[in-house]
Number of protein chains: 2
Amino acid sequence: MTATTDQAAALRIASGRKAFVEPLRLGERLKEIRLANHWTLDDVSQRTGLARSTLSKIENDQISPTFSAVQKLITGLNIDLPQLLSPPKTQQRTLGRRDLTRVGEGQLHPTPTYEHELLSWQLAQKRMIPFKTIVRARHFEEFHEWVRHDGEEFLIVLDGEILLYTEFYEPLRLERGDSIYFDSDMGHALISVSDEDAVVLSVCTRGDAV
Amino acid sequence: MTATTDQAAALRIASGRKAFVEPLRLGERLKEIRLANHWTLDDVSQRTGLARSTLSKIENDQISPTFSAVQKLITGLNIDLPQLLSPPKTQQRTLGRRDLTRVGEGQLHPTPTYEHELLSWQLAQKRMIPFKTIVRARHFEEFHEWVRHDGEEFLIVLDGEILLYTEFYEPLRLERGDSIYFDSDMGHALISVSDEDAVVLSVCTRGDAV
DNA sequence: AGGGCGGGTTCACTATAGGAAAAAACTTTC
DNA sequence: GAAAGTTTTTTCCTATAGTGAACCCGCCCT
């Protein structure tokens, strides 16, 4: 175990954040790729411009490569990041997982405009991301750029009343119980228009990239 | 710039490979994200555990962060790599579809045990299927076999109180606001236990080959 | 055995990333 | 418009990533 890992762990503990980031065995993965192509460390060194010794250390998790080193790897080996990061993706039939979140016990992610409560956050590797949001924003101007992310989003108003701004449509007023489904790479933003801050439930699809 | 870079460049020329290494203004992108969220360097420092000074240098392209630093960024800021790497890349596949369903205007599918109201039913080709369900069943025996379907399901109780039976776990009592995420090929069934019939909102992934 | 040889790890050193605090640039306040 | 406060950049130092060379294998040789 490297000092880097300990340090990261300590930091997470110190800041109270949950460690729901997967191990991410980058070195291991690199070695897999290298061996799969019947390359020696020297070959990879030639292709990437990184020293043999450096590559060895990366493979054995003795150092955390700088980002520029990672770039040299992906360009030199002609692979892309997801390929380097994600394990061989043994799509084994994960059967019977479940993740319960009692009311109010989601993971909070406050921002100036929204107050997100991530639900089912303990389960990694899921295809949907559900979260409850208190919409603090009151004016469209509070957003400095469109919110936008790959995939699709479903949204239903649990409480209050909102105005949904989208890139290609007129703003839409949604009341309690109204719901909408949209492509979330279209810019979007919500503001509350009821007396109290509105609460919405959203479910996003998770992009397949890392 | 550095000897390393020159060396790599020389190697690429020597081997006839295209440079093709995109600029990848990681620092610039980070700053965009930070400002878009109204975060100061200090805020980001708190969230990620990286020093203010380090963040400043990354934003100004004065250093190339180690991969562990990048990891801290993505976990701390709750973003993913593509988001951090790809510039606002004029998305080409922005479709911008949307489908509004006003409260009570979903498509009804009554069964003896459940009364489903399909939401966003006008939009075909979507990755999630959202629906509201009034749980009429009162006893587990009313189900003659497990409900089961490919993919994953997210469920949140909107009203009343239910008991969730699943194939591999003890029955689980869920009250208003509680939510759960599970693999839906595991058999499952709901019954109402509150005075009035409970109402739940579900979102299923749509099975599709990848 | 001993001697090359291809492939990987370790070592000693240099370059650079990361951290703490001071300095500089900007804002706000009175 | 100076003082006080806030945010970012610079500076200086330490920790660590990256390098070339030495070293350590197991594997042919003849």
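The sequence lines fix the lettering, A, B, ..., with proteins before strands; numbering per chain opens at 1. Just so we're clear, the structure is a prediction, and the values are computed from it rather than from any experiment.
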Taking every non-hydrogen atom, the tightest pair across B/L190 and B/V135: O-CG1, 3.6 Å
Whole-Å distance separating the CD1 atom of A/I63 from the P atom of C/dT16: 15 Å
Atom-to-atom span, CZ of B/F67 to C1' of D/dG18 - whole angstrom: 17 Å
Qualifying ring pair (Phe, Tyr, Trp, His ring centres under 6.0 Å) pairs with a residue from residues 40-61 of chain A, counting only residues at least two apart or across chains: none
CA sep, side-chain torsions, deciding dist, call: A/D183, B/R97, salt bridge (charged side-chain N to carboxylate O under 4.0 Å, His left out): CA-CA 6 Å; A/D183 288 320; B/R97 305 170 301 167; 2.8 Å; yes
Rounded distance (Å) that lies between atom C1' of C/dG7 and atom CD of A/Q46: 14 Å
Expected rows: protein N/O vs nucleotides 5-12 of chain D N/O, under 3.5 Å:
| unit_1 | atom_1 | unit_2 | atom_2 | d |
| --- | --- | --- | --- | --- |
| D/dT8 | OP1 | B/R34 | NH1 | 2.8 |
| D/dT8 | OP1 | B/R34 | NH2 | 3.4 |
| D/dT8 | OP2 | B/L41 | N | 2.8 |
| D/dT9 | OP2 | B/S56 | OG | 3.1 |
| D/dT10 | OP2 | B/Q62 | NE2 | 3.4 |

A/R98 charged N/C atom sitting above B/Y181 aromatic ring, 6.0 Å / 45°: no
A/D61 CG - D/dT16 C1' separation (whole Å): 15 Å
A/K72 NZ - D/dA17 P separation (whole Å): 15 Å
Integer-rounded Å distance: C/dT16 P and A/L50 CG: 14 Å
B/H149 and B/H188 aromatic ring geometry - parallel, tilted or perpendicular at 30°/60° bounds: perpendicular
Atom pair CZ (B/F67) and OG1 (A/T66), whose distance is rounded to the nearest 0.5 Å: 11.0 Å
